[in-house]
Amino acid sequence: EVQLVESGGGAVQAGGSLRLSCAASGFDFDDYFIGWFRQAPGQAPGKERERVSCISYFDGSTYYADSVKGRFAISVDKAKNTVYLQMNSLKPEDTAIYSCAADYASGDYDGCPYGEDHWGKGTLVTVSS
């Protein structure tokens, strides 16, 4: 079965850290654009998820939203077919459901997937003040 499975979410206090994982099964990340997106709980349906961070499997180039630059880091473990999002100095406004997406050989001008091929179900991150 082809799927993306996220893990690593949880509840932390502001200033804390979490590492999210996005594991692919049924396909390899080779030649994919991979990204982390987030959506606040209770957000109005139809509102776009916010792009958080993306990485191109082609050249390893990365993208970070301004709101997370300097705090989050995306990385890939090719042997485990897993993408990670290290999140440090977490803020209450980082509270959201984090989902990963992967598109084969297709990405936008920032190197992020369009979200047309594969999506995970998401993992909840809650940051308290």
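Nothing here was measured: the structure is a model prediction, and the numbers come from that model.
Under the rule for a side chain to side chain contact (heavy atoms under 4.5 Å, CB included), the partners of Y104 that lie at least two apart in sequence or sit in another chain are D31, Y32, D117. By the side chain to side chain contact (heavy atoms under 4.5 Å, CB included) test, S21 pairs with S7, T82, Y84, sequence neighbours left out. Considering only residues two or more places apart in sequence or on other chains, Q3 meets the side chain to side chain contact (heavy atoms under 4.5 Å, CB included) condition with E1, V5, S25. Listed by chain and residue number, R51, Y63, D108, C112 satisfy the side chain to side chain contact (heavy atoms under 4.5 Å, CB included) test with D110 (two or more places apart in sequence, or in another chain).
When the side chains of ILVMFWY residues are joined at heavy-atom separations under 4.5 Å, either directly or via intervening members, F27 and F33 end up in two distinct hydrophobic clusters. Under the 4.5 Å side-chain heavy-atom criterion for ILVMFWY residues, a single connected hydrophobic cluster contains both V52 and L90. There is a path of hydrophobic side-chain contacts, each under 4.5 Å, that joins L18 to V68.
How far CD1 of I55 is from SG of C100: 13.0 Å, rounded to the nearest 0.5 Å. To the nearest 0.5 Å, atoms OH (Y98) and CG (L85) are separated by 7.5 Å. The CD atom of E50 sits 4.0 Å away from the CZ atom of R38 when rounded to the nearest 0.5 Å. One distance of note links SG of C22 with CZ of F29; it measures 4.5 Å at 0.5 Å rounding.
Applying the 4.5 Å side-chain rule to ILVMFWY residues, one finds W119 in the same cluster as F37.
Y57 carries K78 over the face of its six-membered ring, with the cationic atom under 6.0 Å from the centre and within 45° of the normal.
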For residues 121-129, tabulate all N or O donor-acceptor pairs below 3.5 Å that involve a side-chain atom, not counting sequence neighbours.
unit_1	atom_1	unit_2	atom_2	d
T123	OG1	G9	N	3.1
S128	OG	V12	O	3.4

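Not one N or O on the side chain of N88 forms a donor-acceptor pair closer than 3.5 Å with the backbone of S17.
Under the 4.0 Å criterion applied to side-chain N and carboxylate O atoms, K91 and D94 are not assigned as salt-bridge partners.
Taking all atoms of both residues into account, the shortest heavy-atom contact from P113 to A101 is CG-O, 3.6 Å. For the residue pair Q43 and E48, the shortest heavy atom distance occurs at NE2-O, 3.6 Å. D59 and S61 get closest at one heavy-atom pair: OD1-OG, 2.7 Å.
Annotation for Q13: atom CD does not count as buried by contact number, only 12 or fewer foreign heavy atoms lying within 6.0 Å.
Inter-residue side-chain proximity for L20 and E6 is flagged as unmet; no heavy-atom pair is nearer than 4.5 Å.
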